[in-house]
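By convention in this document, chain letters (A, B, ...) are assigned in the order of the sequence lines, proteins followed by strands, and residues within each chain are numbered from 1. Note that the structure is predicted; figures quoted are calculated from it, not measured.
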Protein chains: 2
Amino acid sequence: MRRGTMNKIESGIGINRRYLHDEVADRIRELIRSGEMEPKARINEGELTERFGISRTPLREAIKILATEGLLELLPNRGARVASISEIELEEMMEVIAGLEATAGDLACRTIGDAEIDAITTDHAAMVAAWKAGDEAGYFGRNRRIHEAIMAASRNTVLANLYASLSGRIQRSRYSAHQTPDQWARAVAEHERMIELLRARDGGSLAILMREHIRGKKSVIAAHYGPAEAV
Amino acid sequence: MRRGTMNKIESGIGINRRYLHDEVADRIRELIRSGEMEPKARINEGELTERFGISRTPLREAIKILATEGLLELLPNRGARVASISEIELEEMMEVIAGLEATAGDLACRTIGDAEIDAITTDHAAMVAAWKAGDEAGYFGRNRRIHEAIMAASRNTVLANLYASLSGRIQRSRYSAHQTPDQWARAVAEHERMIELLRARDGGSLAILMREHIRGKKSVIAAHYGPAEAV
DNA sequence: TGGCTGAATTTTGAATACACTTCCCTCAAG
DNA sequence: CTTGAGGGAAGTGTATTCAAAATTCAGCCA
């Protein structure tokens with residue numbers, strides 16, 4: 001198939017047609033996120049070009065993008081593979097994420113509106129309800145919404161983009177961890193304190209709390225791991 | 001010239017030969033850093049391939065990498081150009097950098113050795129001397145060394161890489177700003193307090209101080225800008 | 001049987017070719 | 001004089017081709 005001869009309508013994307021390499025990068029991201037491509041899995045260019053119906057050029061450009069993002073790693077003369085995250089790297093990433101969330105909390109206090117805080121409060125209640133109902137997916141989803149709401153309230157797109165990128169890389173680890181009742185109680189209490197500090201617009205204290213809050217999650221995830229296991 | 005037929009020795013890189021696209025990305029980074037390619041300058045692929053003696057394939061891969069890093073921006077069907085940083089984006093980036101440095105300070109207190117703190121103290125003295133001697137380049141260089149030493153002491157490569165990437169993007173702004181004597185006195189005092197907190201291994205307080213310290217620089221840079229100017 | 005060697009095959013890295021899109025210049029109509 | 005249609009020229013996006021490296025595997029030898 002000669003892909004280059006297709007026009008916008010035939011390509012099935014319509015007027016909002018983006019770069020082919022961007023679409024390919026998205027599809028590979030989704031393959032990784034969904035687990036269809038596991039860590040350390042080698043990228044076979046021939047296989048993927050056939051699967052996506054494209055040539056190697058945009059695929060290879062997508063691979064470079066994903067490697068820059070840290071989702072793939074390049075092996076000279078042997079292509080690329082899905083990046084695996086060592087326990088050490090996971091801990092490092094969690095510390096950075098903790099720092100980004102602390103920054104978000106600090107900044108959010110400058111401009112967040114009462115309506116946004118109310119929305120977070122509602123989400124928090126729903127999160128607690130989901131936990132009590134044993135709805136783990138609902139619990140994680142609400143929890144993520146709360147953190148993303150604070151990130152959005154920081155009104156800092158650079159920060160939000162970095163956060164999204166790092167979060168995406170550890171997503172499979174972060175949301176596969178289970179908490180003990182003690183850990184859960186602490187997390188809930190911290191969320192409630194976060195809401196208080198938001199209402200008080202106390203950015204400095206919120207930054208400290210958020211860093212500690214994420215560190216609490218870090219130890220949950222680390223405990224969930226074997227000593228030398230990689231994701 | 002058929003580049004593909006050259007061997008490692010002819011290419012002039014020797015045994016540590018990396019990807020061509022990596023070398024190209026480095027060279028373009030250097031062109032941007034040095035100011036030879038100014039913000040908003042369009043990338044002409046033909047011109048650069050001729051200049052570097054390569055084909056368009058690795059150049060375009062390098063462009064994708066640099067765009068992912070934020071150094072270039074892609075214009076559909078019109079190639080790429082050197083990214084310009086709006087004043088808003090610069091402030092956002094400074095806040096993120098402040099957060100990263102705060103995180104570095106916090107983490108550094110866990111593992112930094114006395115010898116490292118001594119080295120920072122020496123650099124600080126040299127920085128003050130450079131300032132008094134009117135040696136602006138020496139001043140900025142020593143200042144940067146101090147911050148990089150704290151970053152290194154964090155023992156967190158993810159953090160250090162993110163910091164390096166963001167710093168690289170704003171370098172031209174950051175080190176072109178001039179400080180008033182008042183601002184300088186404050187910066188020096190903060191550096192001295194930073195060293196004290198390092199010696200006391202007080203990560204929490206150091207994190208707060210570093211965030212404020214970078215914010216102080218932010219206002220210096222912002223003041224150095226015109227209202228709607230872009231870098 | 002088991003491991004080594006080297007030629008065929010596969011796969012990757014880079015160059016080239018082709019197909020659009022955009023840009024730019026000219027020139028004529030208003 | 002302005003303006004806008006149109007026709008290259010230039011430039012970008014994608015596909016294909018070529019070359020080198022890695023991998024595979026049959027055949028050989030101990």
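For Leu48(A) and dT11(C), the CG to P distance is 12 Å, given to the nearest whole Å. Atom CG in Leu20(A) sits about 14 Å away from atom C1' in dC20(C), given to the nearest Å. Here dT14(D) presents its C1' atom at 14 Å from CG of Asp22(A), a figure rounded to the nearest Å. Atom CG in Leu59(A) sits roughly 15 Å away from atom C1' in dG13(D) (whole-Å rounding). Nucleotide dT11(C) holds its C1' atom 15 Å from the CD atom of Glu50(A), rounded to whole Å. Rounded to whole Å, the distance from CZ on Arg56(B) to C1' on dA19(C) is 12 Å. Distance Tyr19(B) OH to dA21(D) P: 14 Å, rounded to the nearest Å. Atom CD of Glu61(A) and atom C1' of dT12(D) are 11 Å apart (whole Å).
Residues passing the side chain to side chain contact (heavy atoms under 4.5 Å, CB included) test with Asn156(A) are Leu107(A), Ser154(A), Val158(A), Leu159(A), Glu92(B), Glu95(B), Val96(B), sequence neighbours excluded. Residues passing the side chain to side chain contact (heavy atoms under 4.5 Å, CB included) test with Ala149(A) are Ile120(A), sequence neighbours excluded. Applying the salt bridge (charged side-chain N to carboxylate O under 4.0 Å, His left out) criterion to Asp22(B), with sequence neighbours excluded, gives no partner residue. Listed by chain and number, the residues in a side chain to side chain contact (heavy atoms under 4.5 Å, CB included) with Asp26(A) are Arg18(A), Arg29(A) (sequence neighbours excluded). Partners of His124(A) under the ring-ring contact (aromatic ring centres under 6.0 Å, His included) rule, at least two apart in sequence or in another chain, are His191(A). When the salt bridge (charged side-chain N to carboxylate O under 4.0 Å, His left out) test is applied to Arg81(B), the partners found at least two apart in sequence or on another chain are Glu73(B). Legend: residues meeting salt bridge (charged side-chain N to carboxylate O under 4.0 Å, His left out) with Glu36(A), ordered by chain and number and at least two apart, are Arg51(A). A search for side chain to side chain contact (heavy atoms under 4.5 Å, CB included) contacts involving Arg78(B) returns Arg42(B), Leu75(B), not counting sequence neighbours.
Place Pro76(A) and Pro58(A) on DNA chain D by their nearest nucleotides, and Pro58(A) ends up nearer the 5' end.
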Check nucleotides 9-11 of chain D against the protein and report each pair of N or O atoms closer than 3.5 Å, with its distance, or say if there are none.
residue, atom, partner, partner atom, Å
dG11(D), OP1, Asn44(B), ND2, 2.9

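Comparing atom distances between the Arg60(A) side chain and each of dT12(D), dG13(C), dA15(C) picks out dG13(C) as nearest.
Near DNA chain D, defined here as any heavy-atom distance below 4.0 Å, there are no residues from residues 63-75 of chain A.
Donor-acceptor pairing under 3.5 Å is recorded for the side chains of Arg211(B) and Thr103(A).
For residues 157-167 of chain B, the set of pairs meeting the salt bridge (Lys or Arg N to Asp or Glu O under 4.0 Å) definition, not counting sequence neighbours, is empty.
An end-to-end axis angle of 10° holds for the helix from dT1(C)-dA30(D) to dG30(C)-dC1(D), taken from five base pairs per end and rounded to 10°.
A close approach under 4.0 Å does occur between a side-chain nitrogen or oxygen of Ser55(B) and OP1 or OP2 of dA15(C).
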Salt bridge (charged side-chain N to carboxylate O under 4.0 Å, His left out) evaluation trace for Glu30(B) with Arg27(B):
CA-CA 5 Å; Glu30(B) 181 56 25; Arg27(B) 293 188 65 173; over 6 Å; no
